[in-house]
Amino acid sequence: MLYDTIVGIATLQGMSAINVVRISGIDAIAIVNKIFKGKDLSTVSSHTVHYGHIIDGNTIIDEVLVSVFFEPKTFTGENVVEISTHGGYLIPNKIVELLVKNGCRIAENGEFSKRAFLNGRIDLSQAESIMDVISAQTETQLRLANRGLHGDVKALVGELQTTILDIIAKIEVNIDYPEYDDATVMTDNILRPDIKKIVSRLSVILHNSETGKVIREGIKTVILGKPNVGKSSLLNSLLKEDKAIVTEISGTTRDLVEGDWNLGGVILNLVDTAGIRNTDDAVEKIGIIKAKKALSEADLVLLVLDQSRSLTTEDIDLLTLTKNKPRIIVGNKIDLGKHIDIKLEKTIDVSAKNSTGLDQLEAEVKRLFIDESLLKENQLMLANARHIGKIGEAKTALEDALKACENHFPVDIIEIDIRKAWEVLGEITGETGNEVLIHALFSRFCLGK
Ligand SMILES: Nc1nc2c(ncn2[C@@H]2O[C@H](COP(=O)(O)OP(=O)(O)O)[C@@H](O)[C@H]2O)c(=O)[nH]1
Ligand SMILES: [Mg+2]
């Protein structure tokens, strides 16, 4: 391995029982050996753990356990040592300092994973899944991330690339033996059906990935309505906690109040807002500006109406404002009766106060955003926006190839589009692509990872 030896603290620092300092590189074992009092680490077997002390000259820094892994079967593919130290800030940092003095360099964010990728231990989709595994908040997110980590995305991409390569091979044969086939027969009888098949496969993948993306990223949801319709009450009853202040006084909520509603594996990131109305109150005004900004960033609007009374122009304005957004109209205060006199699209009747109708609301969110059959069958869904984008690009390239076929372009011209699709898919796994992308991706990782 050509790289220098890096060190990073792999655990969260603070008042914890232990910390792990991780070292990777050709000199990892030799460097640790210089500051370790215990067994001679150059003589131990790979994948073993050793008790001893980290020392600075004659001073003992900490009592530790040292795990030793010889290349190539390690996380990074290089020699790796993990030192389990006592917790806190001082000890692990002191050990890092000592290691740097003895020849290590402090690792950049994600550099361990980057080396694992560069040394061929994992592909890019697996590296990205590591971060997803770490940041998973629901079991569904974790399940999806684990499939990526185990190489399911990589396998899918490999399979798609092989199919595309088969088409390229057919074209190459045709180019090499032009007398072998008539070009029009080639495009009409062979290429078009083959390409169409992959395009429809990519369409299915893209469709399923909509659910995947929602699972991974959650649904940014803004609760909107005029003052006093029960927005804050709705937030509280969905979250089952008194997060936002509820009073009968209009204009109570001024700042945004947020909370996550876990819908059986899908997270709704709820934002309760100040009721939108004309007001002279300076603070409330700012709240309303924030509400409108939250609206522009939202994936979903819960538009709350007080259906125990007639609608006002403020309600109508909000109905117009949110017309082009995915929205659910929530008819609150159903316990007081239904008095809305104008015809509305589907309304979900709830009583935020008595927590009724919330199941129907949940069902409506699921109907709009997720394909539950995919979840039940534990189907593979792409969830990472970068991967989904690349699948989309591949599909576009193949659609271009189809158009070129229809226009009876020469096959070597059609091949350019098909090759593009192959290449773009390779960017998902990092097989094709450039260094800038790879650097940018890994720099988003946490330190020591
Ligand atoms: N009867 C009834 N009152 C409600 C319901 N939801 C909210 N309220 C009352 O309506 C008033 C305004 O509620 P709040 O949640 O602060 O409304 P916001 O201004 O839209 O956030 C409070 O007095 C609540 O107790 C409901 O479902 N039924
Ligand atoms: Mg409120």
Side-chain angles (χ1 to χ4, degrees), residues 219-261 263 268-323 325-342 344-365:
I219 306 168
K220 268 197 218 157
T221 307
V222 60
I223 305 178
L224 226 59
K226 71 178 178 196
N228 251 1
V229 290
K231 295 177 297 300
S232 299
S233 305
L234 180 67
L235 177 87
N236 290 347
S237 78
L238 292 175
L239 299 181
K240 299 190 179 77
E241 68 177 297
D242 280 339
K243 199 143 194 177
I245 300 171
V246 170
T247 72
E248 65 284 357
I249 304 161
S250 293
T252 301
T253 310
R254 289 150 164 245
D255 215 340
L256 303 180
V257 183
E258 302 185 33
D260 288 343
W261 180 27
L263 278 185
L268 233 68
N269 318 108
L270 292 168
V271 184
D272 177 26
T273 60
I276 295 184
R277 64 165 170 185
N278 283 322
T279 174
D280 293 328
D281 183 302
V283 179
E284 198 183 347
K285 260 189 187 160
I286 297 172
I288 293 172
I289 291 169
K290 281 194 181 183
K292 290 195 170 155
K293 179 154 184 287
L295 169 67
S296 69
E297 292 165 357
D299 303 316
L300 170 67
V301 179
L302 299 181
L303 181 59
V304 184
L305 304 175
D306 175 353
Q307 62 177 333
S308 68
R309 297 157 188 250
S310 307
L311 292 189
T312 63
T313 49
E314 285 165 323
D315 294 310
I316 308 291
D317 288 349
L318 285 171
L319 281 162
T320 314
L321 185 69
T322 56
K323 196 171 63 204
K325 275 266 178 184
R327 74 172 176 197
I328 300 175
I329 299 181
V330 181
N332 192 29
K333 309 198 187 181
I334 188 70
D335 52 300
L336 299 179
K338 226 174 176 167
H339 299 287
I340 293 185
D341 36 15
I342 44 175
L344 290 173
E345 62 196 76
K346 182 174 177 183
T347 305
I348 308 288
D349 293 338
V350 307
S351 165
K353 194 171 167 185
N354 302 335
S355 292
T356 60
L358 303 184
D359 290 348
Q360 283 87 320
L361 181 56
E362 176 170 339
E364 183 64 8
V365 174

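Counting starts at 1 for both ligands and their atoms, following the listed order.
- If you check which protein heavy atom lies closest to atom 15 (O) of ligand 1, you get Ser233 OG, 2.6 Å.
- Here the protein heavy atom with the shortest distance to atom 1 (N) of ligand 1 is Asp335 OD2, 2.8 Å.
- A distance-only check finds no donor-acceptor pair linking the side chain of Thr322 to the backbone of Thr320 [under 3.5 Å].
- For ligand 1, the polar-atom distance check finds no N/O of Pro227 at less than 3.5 Å from any of the ligand's N/O atoms.
- Of the protein's non-hydrogen atoms, Asn228 N, 2.9 Å is the one closest to atom 19 (O) of ligand 1.
- With hydrogens and angles ignored, the 3.5 Å screen pairs no side-chain donor or acceptor of Lys220 with any backbone N or O of Val271.
- Side-chain contact of Asp306 with Asn332: a donor-acceptor pair under 3.5 Å is absent, judged by distance alone.
- In this structure, OG1 on Thr253 lies 9.5 Å from CD on Glu284, to the nearest 0.5 angstrom.
- The OG atom of Ser232 and the OG1 atom of Thr253 meet at the Mg ion (ligand 2) at an angle of about 80°, given to 10°.
- Within the model, atoms OG1 of Thr273 and CD1 of Ile289 stand 13.5 Å from one another, a figure rounded to the nearest 0.5 Å.
- At the top of the distance list for atom 18 (P) of ligand 1, counting protein heavy atoms only, stands Lys231 N, 3.5 Å.
- Remark: among candidates Lys333, Lys353, Glu248, the nearest residue to atom 9 (C) of ligand 1 is Lys333, based on non-hydrogen atoms.
- Ile249 and Thr252 get closest at one heavy-atom pair: O-OG1, 2.5 Å.
- Here the heavy atom of the protein found nearest to atom 6 (N) of ligand 1 is Asn332 ND2, 3.2 Å.
- Panel note: side chain Gln307, backbone Gly331; a donor-acceptor pair is recorded below 3.5 Å.
- Side chains of Lys333 and Ser351: no donor on one and acceptor on the other come within 3.5 Å.
- Protein heavy atom at the shortest distance from atom 24 (C) of ligand 1 is Val246 CG1, 3.7 Å.
- Taking each of Thr252, Leu336, Thr247 in turn, the one with a heavy atom nearest to atom 16 (O) of ligand 1 proves to be Thr247.
- Residue Gly230 has at least one nitrogen or oxygen atom sitting less than 3.5 Å from a nitrogen or oxygen atom of ligand 1, judged on distance alone.
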